[in-house]
Amino acid sequence: MHLKTTKCNNFCLVATPVDHEIFGRPQIREQFEALFRAFDPGTSFQFFKSFRRVRINFTDALAAAEARVKLHKSDFNGKEMRLYFAQSVHIGSPRLEPPKPEKQFLISPPASPPVGWAQSQDATPVINYDLLCAVSKLGPGEQYELHSGTTNTPSVIVHVCEDDSSEGEDETAEGGKRARPKIIQTRRPDYVPSVNQ
């Protein structure tokens, strides 16, 4: 496992928020760079237009600290400029490590699973014996209430089907097939608006 560490880079400042004209007008850019080159002539700049940020790279850490102290929250081209030390993030290894061998069989196309790998067994299904017992005691046309309704929720009722021994009664004249039984929809509880005061 690689640890992620963050440390401050003493040689680099980030200026934010930067006036948008720095990215389009060379005169404004030169004025901006001159502010920091007064502290260190070897300063280099990286302009990030979409983030409205400028990264300022110094060759001396003391020059970077002095520039931050003197220019932080200063006015440039009518806007307040803030300066922060850049942070570098280290994630343990400079290279991306290959996956562990036990996970490699999940890569498509699948290779052979590792030695000793076994498929996990499905759990035993949960059977509600109380419900089965209650339904077995019911006769045709009777019902069993699983959940009683409240003002906000409907009740859940199990209906036992009628005995289908008399096949001739349900047949339709034209097709010879049984008509589908009518499904009775559960009535939705009445809506009671709640007023928050």
Side-chain angles (χ1 to χ4, degrees), residues 1-18 23 44-59 61 64 82-165 167 170 175-189 191 194:
M1 180 174 185
H2 301 296
L3 297 176
K4 178 180 174 182
T5 57
T6 305
K7 60 181 180 178
C8 190
N9 185 346
N10 295 330
F11 291 88
C12 181
L13 293 176
V14 175
T16 176
V18 178
F23 304 105
S44 63
F45 299 88
Q46 293 170 309
F47 294 88
F48 302 103
K49 183 177 182 179
S50 59
F51 295 108
R52 294 185 64 190
R53 306 276 192 271
V54 178
R55 181 178 168 127
I56 305 127
N57 303 305
F58 291 87
T59 58
R82 295 176 184 243
L83 296 170
Y84 302 98
F85 282 104
Q87 294 180 341
S88 58
V89 178
H90 180 66
I91 309 181
S93 174
R95 295 181 304 277
L96 181 64
E97 301 269 335
K100 300 289 183 214
E102 65 268 11
K103 297 288 184 183
Q104 288 182 357
F105 71 94
L106 297 175
I107 299 172
S108 180
S112 299
V115 176
W117 180 82
Q119 184 173 355
S120 61
Q121 298 296 319
D122 292 339
T124 306
V126 178
I127 300 172
N128 189 341
Y129 291 103
D130 294 333
L131 175 62
L132 290 176
C133 180
V135 170
S136 68
K137 291 178 183 177
L138 296 176
E142 295 180 2
Q143 60 188 20
Y144 175 71
E145 187 173 12
L146 289 174
H147 176 73
S148 57
T150 63
T151 57
N152 296 330
T153 60
S155 58
V156 179
I157 300 174
V158 175
H159 295 273
V160 178
C161 296
E162 297 287 337
D163 189 11
D164 60 350
S165 59
E167 295 177 9
D170 294 332
K177 294 183 180 178
R178 275 194 228 171
R180 287 185 165 181
K182 184 178 180 184
I183 297 173
I184 302 169
Q185 297 291 332
T186 304
R187 185 178 170 277
R188 179 176 167 246
Y191 175 70
S194 60

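Taking both residues in full, the closest heavy atoms of R55 and A86 are given as NH1-CB, 4.4 Å, listed atom of the first, atom of the second, then distance. Counting all heavy atoms, side chain and backbone alike, S148 lies closest to S155 at C-CB, 3.9 Å. Taking both residues in full, the closest heavy atoms of P189 and T153 are given as CG-C, 3.8 Å, listed atom of the first, atom of the second, then distance.
Rounding to the nearest 0.5 angstrom, the gap separating the CD1 atom in I56 from the CZ atom in F11 is 15.5 Å. Taken to the nearest 0.5 Å, the OH atom of Y191 stands 10.5 Å off from the CG atom of N152.
L13 places a side-chain heavy atom less than 4.5 Å from the side chain of F85.
When the shell of 6.0 Å around OH of Y84 is examined, it contains more than 12 heavy atoms from other residues, nucleotides or ligands. Counting non-hydrogen atoms of neighbouring residues, nucleotides and ligands closer than 6.0 angstrom, the CG atom of L132 exceeds 12 such neighbours.
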>> Between F45 and N57, is the side chain to side chain contact (heavy atoms under 4.5 Å, CB included) condition met? List the steps.
In response: CA-CA 6 Å; F45 299 88; N57 303 305; over 6 Å; no

